[in-house]
Amino acid sequence: MSSLAAARADNFYYPPEWTPQQGSLNKFHGQHALRERARKIDQGILIIRFEMPFNIWCGGCQSMIAKGVRFNAEKKQVGNYYSTKIWSFTMKAACCKQEIVIHTDPKNCEYVIISGAERKNEEFDAEDAETLALPADEERGKLADPFYRLEHEGEDLQKGKEAEPFLVRLQRSSDLKHADDYSRNRALRAEIRSQKKRVAEETAHSRKRGLGIRLLPVSKEDTEMATKVKFSSRFEMNRRDKRAAINASSIFSDSSCSKSTDKRLELLAKRRNINATAAHVSLCGKFKPSISQNGSGSNIGPRASVVVVKRG
């Protein structure tokens, strides 16, 4: 922005036709110092930015308008409370263009909704909110009585004595925590370093075992639970499987036998053949035939006597 444009924006630019006898620039231009905000100033209305002091329900669409939402409101005076002015703020809701009117209440130091909306009730117990309960309006009026004030002060002293041990403990704990900041910070940092070191060791131990997760350190409860777990041996597992197969098989022999039965029979048949062959070899293993030889010794007779030599 140029210097001339900046001067005009700040309303510091004086045109050549202006003279000091004409007054201020606003009077020269025939406008108010607040510009558009004062377009209804002749009616006693000023446009301001009003911030909602609490949560409310819109009267037109029943939507909630949160605390802190800002509106362009028309501000005007509607009365007095002694010497304090009572102001009225009129605005339109953004959700449904409902007109909302709010007045100030100097007596109770509060805002009051006149029309167009309803205040959202948010009341909390003083004990739950851990705050002090303010006295009611009737008690405030009674405090002018010296005797009532003396009795009220006595109750406050009694409450203070009852709450004194708790307050003393809080003060002592606060003093202990903030007595030596350096030592507390040093101990905290040492604890964090040891924790990081332990986590790194557990992670490295898990990677050695081929695990992608970090294993927690072994505890006494884990050891006791592991000792109580009993796994069945291989013999017991085979025995249980065989019994289950026997119970599931049929007692009648038919062509549709199970594969395990066929395999067992085949093994038995092979075993019988092996035993028969071994017995035959043991009985007829070595023999010497008796051959009648001719002169040439090249012809063998039609009959040959076999002599079985039995070895003792």
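Just so you know, these numbers use all the heavy atoms, side chains as well, and skip hydrogens, waters and symmetry mates. Start at 1 with the first residue, then count along the sequence. Since the model is a prediction, treat every value here as computed from it, not as a measurement.
In this structure, Arg189 contributes its side chain and Arg186 its backbone to no donor-acceptor pair below 3.5 Å. A donor-acceptor pair is defined here as one N or O able to donate and one able to accept, closer than 3.5 Å; such a pair exists between the side chain of Trp18 and the backbone of Gly23. Side-chain N or O atoms of Ser206 include none that pairs as donor or acceptor with a backbone N or O of Leu211 at under 3.5 Å. With hydrogens and angles ignored, the 3.5 Å screen pairs no side-chain donor or acceptor of Ser173 with any backbone N or O of Leu170.
Within the 4.5 Å cutoff, the side chain of Arg49 has heavy atoms near those of the Asn72 side chain. Tyr111 places none of its side-chain heavy atoms less than 4.5 Å from the side chain of Asp105. Residues Thr90 and Glu99 have side chains in contact (heavy-atom distance under 4.5 Å, counting atoms from C-beta outward). The side-chain heavy atoms of Lys67 and Lys120, taken from C-beta on, include no pair separated by under 4.5 Å.
Partners of Arg37 according to the side chain to side chain donor-acceptor pair (under 3.5 Å) rule, which considers only residues two or more places apart in sequence or in another chain, do not exist here. A search for ring-ring contact (aromatic ring centres under 6.0 Å, His included) contacts involving Phe89 returns Phe50, not counting sequence neighbours. For Val69, the side chain to side chain contact (heavy atoms under 4.5 Å, CB included) partners are Ile65, Ala66, Phe71, not counting sequence neighbours. Applying the side chain to side chain donor-acceptor pair (under 3.5 Å) rule to Gln77 yields the partners Asn80; only residues at least two apart in sequence or on another chain are considered. Checked against salt bridge (Lys or Arg N to Asp or Glu O under 4.0 Å), Glu51 has the following partners two or more places apart in sequence or in another chain: Arg70.
Taking CZ of Phe54 as the start and CG of Asn121 as the end, the distance is 10.5 Å to the nearest 0.5 Å. To the nearest 0.5 Å, atom CG of residue Leu216 and atom CZ of residue Arg198 are 8.5 Å apart. Taking SG of Cys58 as the start and NZ of Lys97 as the end, the distance is 11.5 Å to the nearest 0.5 Å. If you take CD on Gln98 and OG on Ser115, they are separated by 8.0 Å, rounding to the nearest 0.5 Å. Atom-to-atom distance recorded for Ile213:CD1 and Thr203:OG1 is 11.0 Å, nearest 0.5 angstrom. Considering CD of Gln43 and CD1 of Ile41, their distance stands at 10.0 Å, rounded to 0.5 Å.
The minimum heavy-atom distance between Arg39 and Asp42, with the atom names listed, is O-OD1, 4.1 Å. Heavy-atom minimum distance, Thr104 versus Lys85: OG1-O, 4.1 Å.
By the rule that hydrophobic residues join a cluster once side-chain heavy atoms approach within less than 4.5 Å of another member, Met91 and Trp57 end up as members of separate clusters. In the hydrophobic clustering of ILVMFWY residues, with side-chain heavy atoms under 4.5 Å counting as a link, Ile48 and Ile100 come out together. Note: the hydrophobic cluster containing Val78 does not contain Ile45 (ILVMFWY, side chain heavy atoms under 4.5 Å, direct or indirect links).
Counted within 6.0 Å of CD on Glu191, heavy atoms from surrounding residues, nucleotides or ligands total 12 or fewer; the atom is thus considered open.
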Residue pair Ile47, Glu74: steps toward the side chain to side chain contact (heavy atoms under 4.5 Å, CB included) verdict: CA-CA 5 Å; Ile47 309 299; Glu74 297 181 355; 3.5 Å; yes

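Counting only residues at least two apart or in different chains, salt bridge (charged side-chain N to carboxylate O under 4.0 Å, His left out) contacts with residues 211-220 comprise Glu202-Arg214.
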